[in-house]
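Scroll down for the structure; my scribbles are underneath it.
Just so it is clear: chains get the letters A, B, ... in the order the sequence lines come, proteins before strands, and each one is counted from 1. Every heavy atom of this structure was used, including side-chain atoms; hydrogens, water molecules and symmetry mates were not.
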Protein chains: 2
Amino acid sequence: MGYATEHIAESLKAARERKGLSQRALSAKAGVPQSHISKIENGAVDLRLSSLVELARVLDLELTLVPRKKLPAVRAIIRGDDDGHRDVQSARKATNLLQRLDDQIAALPSETLSEIVVQELQRRARELMHFKLSADDLVQLQEASAAMQEFLSDPRNLEAVEQAQSQLRMLRNALAHGAGVSAPSLPRPAYRLDGDDRG
Amino acid sequence: MGYATEHIAESLKAARERKGLSQRALSAKAGVPQSHISKIENGAVDLRLSSLVELARVLDLELTLVPRKKLPAVRAIIRGDDDGHRDVQSARKATNLLQRLDDQIAALPSETLSEIVVQELQRRARELMHFKLSADDLVQLQEASAAMQEFLSDPRNLEAVEQAQSQLRMLRNALAHGAGVSAPSLPRPAYRLDGDDRG
DNA sequence: GTGAGTGATATGTTTATGCATATCATAAAT
DNA sequence: ATTTATGATATGCATAAACATATCACTCAC
């Protein structure tokens, strides 16, 4: 199963537990059998949209299609750290950088690079849109983008791609582990799933 | 089919056409058969999550679970009218008002009111979260909420509920038609679907 | 007319769904 | 300790529905 689908399933489970509902209780409210909820949470099924919407509704979540360009800004809102416009600027910067990176990856010459590598890069770049990026993270991203650009202007420079690739990978791992790899001068709240709505 | 599922289907179609793709072209990119895309756009099927995610991916959209509380803010971002923080305040106000309204509806006594009516109210209130609300609209909402409160403190006052109900209905109709029923002192951009990502 | 393009429609196969039941944990009672 | 009860999640199976393949009808160039 894909990353996105798993992510959704996890979000549903997290939201259910946060609301203190058992699978049975959720079942009663949503009209979806408990057995099915179990399968969904275990990633055992590719659930239908109606089931997803029903479950989301009960969990006070709304399924929304967000343009990739605006994903970082939206996630900032969802995390709730937009209060007082604290990191709106940072989110905007992240949006632009990630968009640029995504464009660069899309422009990679398919002759020089294997399709697998390109998809890997794209996946990583898009994954990063889900995280809150600190100023230091943004610097990392900028470097990765610069390396990518170097390769684009000189396709023989395979090292540049590898550098970008490893940089993205490290960044993702650091973010996924909660602790920043770059010096966390100010503590950053741990990553939390979509469904968070306790403010 | 539910409101949410239809909305998603419409968004997909709109996004596809905005990208200038035929159903076949989209089919090739997403690995979803053209015949199936046809049915999806016509609301003839209750598609599976994997199909939805694949289509969204190709159309540069990301499926996201948004807490209801933050839906208005998120939609403001998606519409793109957050530029320069123009109506962030207004969006925040709308968020609070709609949240309050939703809570009030949830608190309605099931003895005095039919389940149908309550669901109708809830549906309308939640629908409004999808729109951009002008200052005048917010006043309308405030009135509806006040009426609702009146009923909550005196459950014999059925007129209050009816007033709130009709107010919500009128507001929705006005917004759906694009033209505001309340004096549009400053022209408001027409409502646009989720998928918009041309900035 | 021919051909390439579009979206809709039929038919067989795969799979999510829904119901019943099984398993598992924890706790209470004998 | 063994049993019994309770509340949770998981599994087996029948069936309805999504999905895949192929075909259709329609439009527009040429």
Between [X] and [N], is there a side-chain N or O to OP1/OP2 distance below 4.0 Å?
X: Gln23(A); N: dA10(D); answer: yes
X: Asn42(A); N: dT9(D); answer: no
X: Arg16(A); N: dA8(D); answer: no

Glu159(A) CD: over 12 foreign heavy atoms closer than 6.0 Å:
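Open.
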[X] [atom1] - [N] [atom2] separation (whole Å):
X: Leu47(B); N: dT17(C); atom1: CG; atom2: C1'; result: 15 Å
X: Lys13(A); N: dA8(D); atom1: NZ; atom2: P; result: 14 Å
X: Leu49(B); N: dT17(C); atom1: CG; atom2: C1'; result: 15 Å
X: Leu52(B); N: dA16(C); atom1: CG; atom2: C1'; result: 16 Å
X: Ile40(A); N: dT15(C); atom1: CD1; atom2: C1'; result: 14 Å
X: Ile37(A); N: dA8(D); atom1: CD1; atom2: P; result: 12 Å

Contacts of type side-chain hydrogen bond (donor to acceptor under 3.5 Å, both in side chains), residue [X], not counting sequence neighbours:
X: Ser145(A); answer: Arg100(A), Gln104(A)
X: Glu120(B); answer: Arg124(B)
X: Arg57(B); answer: Glu54(B)

For a quick check of understanding: with a heavy-atom distance under 4.0 Å over all strands, which category does Ser38(A) fall into, base, sugar-phosphate or nothing?
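Base contact.
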Could you write out each protein N or O paired with an N or O of nucleotides 21-25 of chain D at a distance under 3.5 Å?
unit_1, atom_1, unit_2, atom_2, d
dT21(D), O4, Ser35(B), OG, 3.0

Those residues that, when tested against Glu127(A), pass salt bridge (charged side-chain N to carboxylate O under 4.0 Å, His left out) (two or more places apart)
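Here the qualifying residues are Arg123(A), Arg172(A).
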Tell me, please, which residues at least two apart from Asp103(A) pass side chain to side chain contact (heavy atoms under 4.5 Å, CB included).
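Applying side chain to side chain contact (heavy atoms under 4.5 Å, CB included) to Asp103(A) gives Gln99(A).
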Considering heavy-atom distances to DNA chain C, does Glu41(B) or Arg48(B) have its closest nucleotide positioned more toward the 5' end?
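Result: Glu41(B).
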Would you indicate which nucleotide in dA10(D), dT9(D), dA18(D) comes nearest to any side-chain atom of Ser22(A)?
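Nearest nucleotide to the side chain: dT9(D).
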Side chain of Ser51(A) only, heavy atoms from C-beta on: which candidate in dT17(C), dG7(C), dA10(D) is closest?
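Nucleotide nearest to Ser51(A)'s side chain: dT17(C).
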Assess whether a salt bridge exists between Asp60(B) and Arg68(A), defined as any Lys/Arg side-chain N lying under 4.0 Å from an Asp/Glu carboxylate O.
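Salt bridge: yes.
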